[in-house]
Amino acid sequence: MEVSPLCVILVKSDSKGDRLLFRYPFVHYESPETLSKTKRNPYALPTAEDLLQTSVVPISTISKRGLTGFSDEVLSSLFAVKNDLCNRKFELKVNDVRFVSHPTQLQLRNKQTEKDDTGIMLINIVFSLSALASHSVVKCYHDLSKRIGIILRHEEKRCGYISEQTQTMMAAHDDSCTNNNGAAFEVILQKCTLAANIKKLYEDLCSTGLVNIRLNSWIPLSFCLPQKAHQWHLKGKLVEPEDIDRCLLALRPYHSLLLLHPVQHLINFTSLDSSPSLVQMLSQYSPMKNLQKLAKDSDLSLKHVFELTAHLVYWAKATVIFPVCSKNNYTIASDAPISLRSGLIDMYSTFFPGGNLIRALSEFSLPTSLGQITNPLCNPSPEPDLIKSIIWMLQHHLLVQLHTYVQYMPTDNGISSTKCSRQYVKTPPRTSSVLSTSFPEPSRTESESGTSTVSEAQDFPKHFALESITFASTDDDKHNYQEELLHDFPTEESTQIFKIPATNNPEDLKLFARLCRKGYFQGNHHLEEIMYLENLPRSQLLQLLDKFRDVLVTYETEDPAIAMFSSSSYL
Amino acid sequence: MNSIEKNNLSGVKEGQIRCIFFCEFHHTAGPIISCQFPEHFISKELFDSISVYIITKAELQKSTITVTLQDYKFLGFPVRIDNKNYARNAFHFNLCFVCDSDARTVQYESVVTKLSEYLMSMEIESSFLSIGQSKEKLSPLLEKVMEDLNTKGECALLQGPIATHLKVCQIRSDPNPVLDHQVPIFIKELPPNQWDLTTQQVTPYINGFNHIARIASLSDVDNNLVKACVQNLVYYKVVALVPLFQYSNIYCTTPKLRTLAQDIDLQRRCLQYVARCNRQIPNLRDVFRTYAAMTRGTTIKDICNRFNMANMRINERKLVQFGVLEGLIRRVHKYPIALGDNTDLQKTFTGNFNIDEICCAAGITTQQLEEKLEKDPNIILLHK
């Protein structure tokens, strides 16, 4: 889908009527159809058949990626909207073109005649797009038009910028010969800074989707069209603002920032009055650090680092990854643009002389961690080159990281269907009264006999009995703590869990119950997240998963939150 | 396709028609709404603010025009009939549909155009619109159109000298081209429409296991015709395409797998689908465990060896099919890339084609190809 604008149009409307002041690009492609239409004999009689015949091909008003078929008069009458439609979103679709704008009313600052101070003018910056443009693209363009409107209103109030610019434009139109608008537009482009701004705006939107202009050489306007801006690193994929929002909502302190450009490039990109904390953060940047560490190192609050990250991601300057460490499992991204003809191979070998991208990638055909590639015997710490290579491949979306997710499956039918009524029917806790019944008091007769002749034969069963009692009591204890720990689990689930030998260990069962209760085993949290949130070492968690493997199923997949740039199709 | 799908891919809702109105250019009063259903839906003030987009200049005649305001969207098709008999030598009118502003309305464009052309021919034939009392005649017509389109998605206007049939057609994006090695599979029953001859000949061979090239040879239909036919069925969402099943295939889990543990309805469908026979339904834990075991590097053969599929009452072919269709798992393809100087090999093994495609084009089995590739150290297999 094409998201670049076809044309940017500037229309004004005031007490003297409406007029199209400028449009860019203005090179006129006269299509043969419109010519034949206009040259129709006015005296020809219309025949009924003629009227009823519908053109087979729908009329298209897009040609060579430009807007055609509309005269300036028609456009100006369309966009000089009625008062009721001012200062709100305006959207009009004609055949296969969609026009989006935010008509802005402004009070003219009258320099010449102080008495006539009621001059109100309507300024409308209209973007014409292909009709296929999605709602989100339309929304972005509307936002842009609105912002320009606000700036122009301010500039008019401050120094009468609009009055001056519109007068120059009108004069140019009046001076030029009646029908040759191209010449007038040429003059306007040379004379008016506003026209030059519109030209720059259009070119930026078409090329990078990043706009950075200064209106009236005074007010900066920065704008990012995410659907376009992300094209440079994700070819052919349309990144919607909602996708980015979703990714940013999933941002966690253990994630880390991965810049897509060298740091110096970003520092150059930021404008003079940019936030100093951004520079501060970039100075401490490393893809090996998580956001929490980055915040600490750059002496910023975590929330602010999140905001800065969000900003960089939105502007297609960075993505979010899990910090590069030796335990990370990487594999080749499903849509990695790998072929002999893609330029990536050459780019790789210029970055890493002697390296071959295909060979480097083939290491990750099977999910592989950094620790596995480096030989632990001769070189315990991973080679810096390898890390660089992985970071490069992550920047180009060739690799994705796989995480292990855990699903709790206590019974054959999965989680009990009566999950909502997860109220364990509490059986009264078994009291130690059992002890007294199973271990009868030494019979009175025996004691009464008073004889100390306790035979060995008598002793034996007693001893046995004692042993069995101790057994019974530990078993009983076990059931006690088990039930206490799993008191809110349905009976069918807990009976399955008790079959696992590891439940004999109260520590294990306690940990299991805690993690389960917190909902970590619903496939929403990967191991690293559980480790972070619960402050657990990896080995302990892995041991637990292994011990409870009868009720816990693990699987490996991408983190849907941050892998959205590479696998948005799964969402 | 009779059924209207309310949800489309982008998640934007399909709009119901809220109102239909007919407006004309009155020779003294200017643009007015002469008839609308329901009554008083569009106020005069609202209409005045947008009348310029409804009774338009000559250049915009016969264009589909959509204006979006804060609450409503207006779809129109302005028409002008030139004739000396009219007060201003021309009769302007426009029939507009009104929908919610956040709804998708592309599907109504052709309906609006067709209805306008119907009214135009009625007007030319019998001065249906201009003769006066248009309100009495039009009002029931508009009501019928709106009710029928909103409920059934189609409407037949058979009164009067001319008949017309209106139908709301969903606009969907074009389906991807179909490739030789893909396997079509029905995802719902083929609607009992009068399908074309090719489709009639091809559909008996669509069973979820035959790939396109095989279907072409079995049905004795040209390969490209089969592709076109299957593509058409994919467009109507009758058929989905899955990768060819082989025991040497590798699949991996997707983040969607977790829905299987939570969605009761999905579980029920899954267990029924993957069962070996209808009477013995496998249990969910086994199914989930088998899916979870599908990782990069594990072939279906390995999985069959590890688990006893017959004991678990799971049909592994169906298991894979269901997983792929529902997006729980996806196929991991192997892409051979030829490094070195062998330009002949580099023509085939560019990294753009996976092993399935190459095998299908060359007519050899995967095993044969993989054996050959293994011998050559300059060829690298990438799994992705």
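Computed over heavy atoms, backbone and side chain alike; hydrogens, waters and symmetry mates excluded. Here is how names work: the chains are called A, B, and so on, in the same order as the sequence lines, proteins then strands, and each is numbered from 1.
B:Thr259 does not touch chain A: none of its heavy atoms, backbone or side chain, sits under 4.5 Å away. Looking at A:Ser71, both its backbone and its side chain come within 4.5 Å of chain B, counting heavy atoms on both sides. For chain B, the nearby parts of A:Leu92 are the backbone and the side chain; heavy atoms of each come within less than 4.5 Å. B:Tyr291 does not touch chain A: none of its heavy atoms, backbone or side chain, sits under 4.5 Å away. Contacts of B:Leu69 with chain A are made by side-chain atoms alone, with heavy-atom separations under 4.5 Å and no backbone atom involved. Contacts between B:Asp286 and chain A at a heavy-atom distance below 4.5 Å are absent for every atom of the residue. Looking at B:Ala58, neither its backbone nor its side chain comes within 4.5 Å of chain A, counting heavy atoms on both sides. For A:Arg359, the parts lying near chain B are the backbone and the side chain together; criterion is any non-hydrogen pair under 4.5 Å. Residue A:Asn356 touches chain B through its side chain alone, counting heavy-atom pairs closer than 4.5 Å.
B:Ala338 and A:Leu340 get closest at one heavy-atom pair: O-CD1, 3.5 Å. Between A:His135 and B:Ala103, the shortest heavy-atom distance links the atoms NE2-O, 4.5 Å. The minimum heavy-atom distance linking A:Arg88 with B:Gln70 is given by the pair NH1-OE1, 3.3 Å. Residues A:Leu366 and B:Gly297 come closest through the heavy atom pair CD2-CA, 3.4 Å.
Heavy-atom pairs under 4.5 Å with chain A peak, among B:Val79, B:Thr66, B:Asn352, B:Leu75, at B:Thr66. Counting heavy-atom pairs under 4.5 Å between each of B:Leu339, B:Ile337, B:Val52, B:Leu257 and chain A puts B:Leu339 at the top. Ranked by heavy-atom pairs shorter than 4.5 Å toward chain B, the options A:Ile358, A:Asp84, A:Leu361 are led by A:Ile358. Contact count versus chain A (heavy atoms, under 4.5 Å) is highest, among B:Val332, B:Thr68, B:Ile65, for B:Thr68. Top candidate by heavy-atom pairs under 4.5 Å with chain A, chosen from B:Glu45, B:Gln267, B:Glu109, is B:Glu109. Counting heavy-atom pairs closer than 4.5 Å to chain B, the top residue among A:Val81, A:Asn83, A:Asp550 is A:Asp550.
With hydrogens and angles ignored, the 3.5 Å screen pairs no side-chain donor or acceptor of B:Lys384 with any backbone N or O of A:Ser365. Looking only at distances, a side-chain donor or acceptor of A:Asn95 sits under 3.5 Å from a matching main-chain atom of B:Thr64. Between the B:Thr254 side chain and the A:Thr557 main chain, no donor and acceptor come within less than 3.5 Å of each other. A:Gln522 places no side-chain N or O within 3.5 Å of a backbone atom of B:Ala261 that could act as its donor or acceptor partner. Under the 3.5 Å distance criterion, the side-chain polar atoms of A:Lys93 are left unmatched by any main-chain donor or acceptor of B:Val67. Side-chain atoms of B:Arg285 come within 3.5 Å of backbone N or O of A:Met409 as a donor-acceptor pair.
The aromatic rings of B:Tyr53 and A:Phe90 lie tilted to each other, with the angle between the two planes from 30° to 60°.
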Check against salt bridge (Lys or Arg N to Asp or Glu O under 4.0 Å), A:Glu558 and B:Lys256: CA-CA 10 Å; A:Glu558 305 96 7; B:Lys256 245 186 125 183; over 6 Å; no

Tell me, with the steps shown, if A:Glu556 and B:Thr253 meet side-chain hydrogen bond (donor to acceptor under 3.5 Å, both in side chains). CA-CA 7 Å; A:Glu556 282 194 329; B:Thr253 50; over 6 Å; no

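Contact of the B:Leu60 side chain with the A:Leu78 side chain is registered, since non-hydrogen atoms from C-beta on lie closer than 4.5 Å. Under the 4.5 Å side-chain criterion, counting only non-hydrogen atoms from C-beta, B:His383 is not in contact with A:Ser362. A heavy-atom distance below 4.5 Å is found between the side chains of B:Ile50 and A:Leu85. Side-chain contact between B:Arg296 and A:Leu402 is present, with heavy atoms from C-beta onward closer than 4.5 Å. In this structure, the side chains of A:Tyr555 and B:Arg258 come closer than 4.5 Å at one or more pairs of heavy atoms.
When the ring pair (Phe, Tyr, Trp, His ring centres under 6.0 Å) test is applied to A:Phe548, the partners found at least two apart in sequence or on another chain are A:Phe512. Evaluation of the ring pair (Phe, Tyr, Trp, His ring centres under 6.0 Å) rule for A:Tyr141 yields A:Phe127 as partners, not counting sequence neighbours.
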